[in-house]
Amino acid sequence: MEAVNTDISDADSVEEDETVDASGDPTLGQVLLAVEELWPESLAEDWDEVGLVVGRPNAPVTKILFAVDPTLAVIDEAVEWGAELLITHHPLLLKGVNSVAATSAKGLAVHRLIEAGTGLLTVHTNGDSAVGGVSDVLADAFGLENVTPLTAASNGLPEEGIGRVGDLPELETLGDFAARVFEMLPAVAGGVRVAGDKDGLVRRVAVCGGAGDSLFDAVLASHADVYVTADMRHHPASEAREGATNGRPYLIDVSHFASEWLWLPAAADALGNVLADQGYDVEIRVSGTNSDPWDFILTPGGD
């Protein structure tokens, strides 16, 4: 599986080989306070498991690696770089377990982290919902204006919640907009799938990083012309197309990993700024490991 190209166009964002420096080393507990300031655990969905998975709060932290998934390859990357903390978007232990023996992949991950002295922190749906979160970053990347949440957070500010909807500055064809989406995301095997009239005009855009086909009712209520999300299943997508008005909302299905990877540089930058403001000296890096599970795809070809 090829590594992710971590080159990004925003000069203010943190690239794979960039670091964020201040002065003084924080403890893991102090980093957790900074993370809570940015992505409060109260914003996490009821079913989610976020927060510290592995690590001692009094351990010093000099290097932090951000990644989408806590895969063994990502953990190896963090350990080899010497990171004392790995922050991932997806949880390692979302469902209950009875054992963390190293005979399973998840158990081996826990052992590898503890033996290397590397902490693991999950920022999942709280990172989706917060201001500057996953869907906010997508909305900014697409140039959306007048952005609001698709579904409001039950324990947050009015501008916090899952998904975002906003307007493009000018009308675009669905084909042109989909091409922009494709160009902005990391290259993965699955590419981008589109449902709708390639020459149809779009302006109002709904987005949700990660799997978002459960939000179709909110998308319809938002009067979006097109909905960009990941992991669209056959039946919800088919029902959305059957129930569309004048063919809208059109659908753009992207890689789950790619849609959430865009958040990592912004998140690394945000955490670096908070820690630097508090006088801490920490190197922060975005993982270069491609944790999208697919390696190649076969298509019929043609336009």
Side-chain angles (χ1 to χ4, degrees), residues 8-13 43 125 127-154 156-186 191-232 236-237 239-256 258-263 265-267 269-270:
I8 48 180
S9 59
D10 185 351
D12 294 330
S13 298
L43 290 177
T125 52
D128 290 322
S129 185
V131 173
V134 172
S135 292
D136 263 341
V137 170
L138 283 174
D140 288 344
F142 301 155
L144 302 188
E145 302 173 340
N146 306 314
V147 175
T148 58
L150 265 178
T151 60
S154 57
L157 301 171
E159 59 269 29
E160 293 175 322
I162 302 299
R164 296 292 187 268
V165 61
D167 301 311
L168 294 168
E170 298 178 352
L171 287 168
E172 291 186 47
T173 67
L174 176 63
D176 287 344
F177 178 68
R180 284 209 297 125
V181 172
F182 176 79
E183 291 169 359
M184 290 175 186
L185 297 178
V192 171
R193 300 188 298 177
V194 184
D197 179 3
K198 186 176 182 180
D199 297 319
L201 297 177
V202 299
R203 186 158 195 176
R204 190 155 179 79
V205 179
V207 302
C208 179
D213 61 19
S214 63
L215 299 180
F216 275 135
D217 287 344
V219 173
L220 290 171
S222 75
H223 303 292
D225 296 314
V226 59
Y227 181 37
V228 184
T229 191
D231 292 349
M232 286 197 201
E239 290 169 6
R241 295 198 68 179
E242 290 291 308
T245 302
N246 296 323
R248 292 174 173 80
Y250 301 135
L251 306 177
I252 298 180
D253 183 36
V254 301
S255 155
H256 191 128
S259 71
E260 295 177 328
W261 184 90
L262 283 183
W263 172 71
D269 196 24

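Fair warning: this is a prediction, and the values are worked out from it, not measured in the lab. Numbers here are sequence positions counted from 1.
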Using side chain to side chain contact (heavy atoms under 4.5 Å, CB included) as the criterion, point out the one residue from Leu174, Val228, Val205 that pairs with Tyr250.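 Of Leu174, Val228, Val205, side chain to side chain contact (heavy atoms under 4.5 Å, CB included) with Tyr250 is met by Leu174 alone.
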Quick one: does any side-chain atom of Ser135 pair with a main-chain N or O of Gly209 as donor and acceptor, under 3.5 Å?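 Yes: the side chain of Ser135 pairs with the backbone of Gly209.
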Counting only N and O atoms by type, is there a donor-acceptor contact under 3.5 Å from the side chain of Ser259 to the main-chain atoms of Gly210?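 Indeed, once roles are kept as given, a pair shorter than 3.5 Å links the two residues.
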Rounded to the nearest 0.5 Å, how far does [atom2] of [Y] lie from [atom1] of [X]?
X: Asp213; Y: Tyr227; atom1: CG; atom2: OH; answer: 7.5 Å
X: Arg203; Y: Leu144; atom1: CZ; atom2: CG; answer: 11.0 Å
X: Leu138; Y: Leu185; atom1: CG; atom2: CG; answer: 7.5 Å
X: Glu172; Y: Phe142; atom1: CD; atom2: CZ; answer: 10.5 Å
X: Ile162; Y: Asp128; atom1: CD1; atom2: CG; answer: 5.0 Å
X: Met184; Y: Leu262; atom1: CE; atom2: CG; answer: 9.0 Å

Salt bridge (charged side-chain N to carboxylate O under 4.0 Å, His left out) pairs, two or more places apart, involving residues 218-228: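 Output for this query lists Asp225-Arg248.
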CA sep, side-chain torsions, deciding dist, call: Thr245, His223, side-chain contact (heavy atoms from CB on, under 4.5 Å): CA-CA 10 Å; Thr245 302; His223 303 292; over 6 Å; no
My understanding is that only residues two or more places apart in sequence, or in another chain, count here; which of them pass side chain to side chain contact (heavy atoms under 4.5 Å, CB included) with Ala130?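 Trp39, Leu43, Glu160.
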Side-chain contact test, heavy atoms from C-beta onward, threshold under 4.5 Å: evaluate it for Val194 versus Phe177 and give yes or no.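 Not touching, per the 4.5 Å side-chain cut-off.
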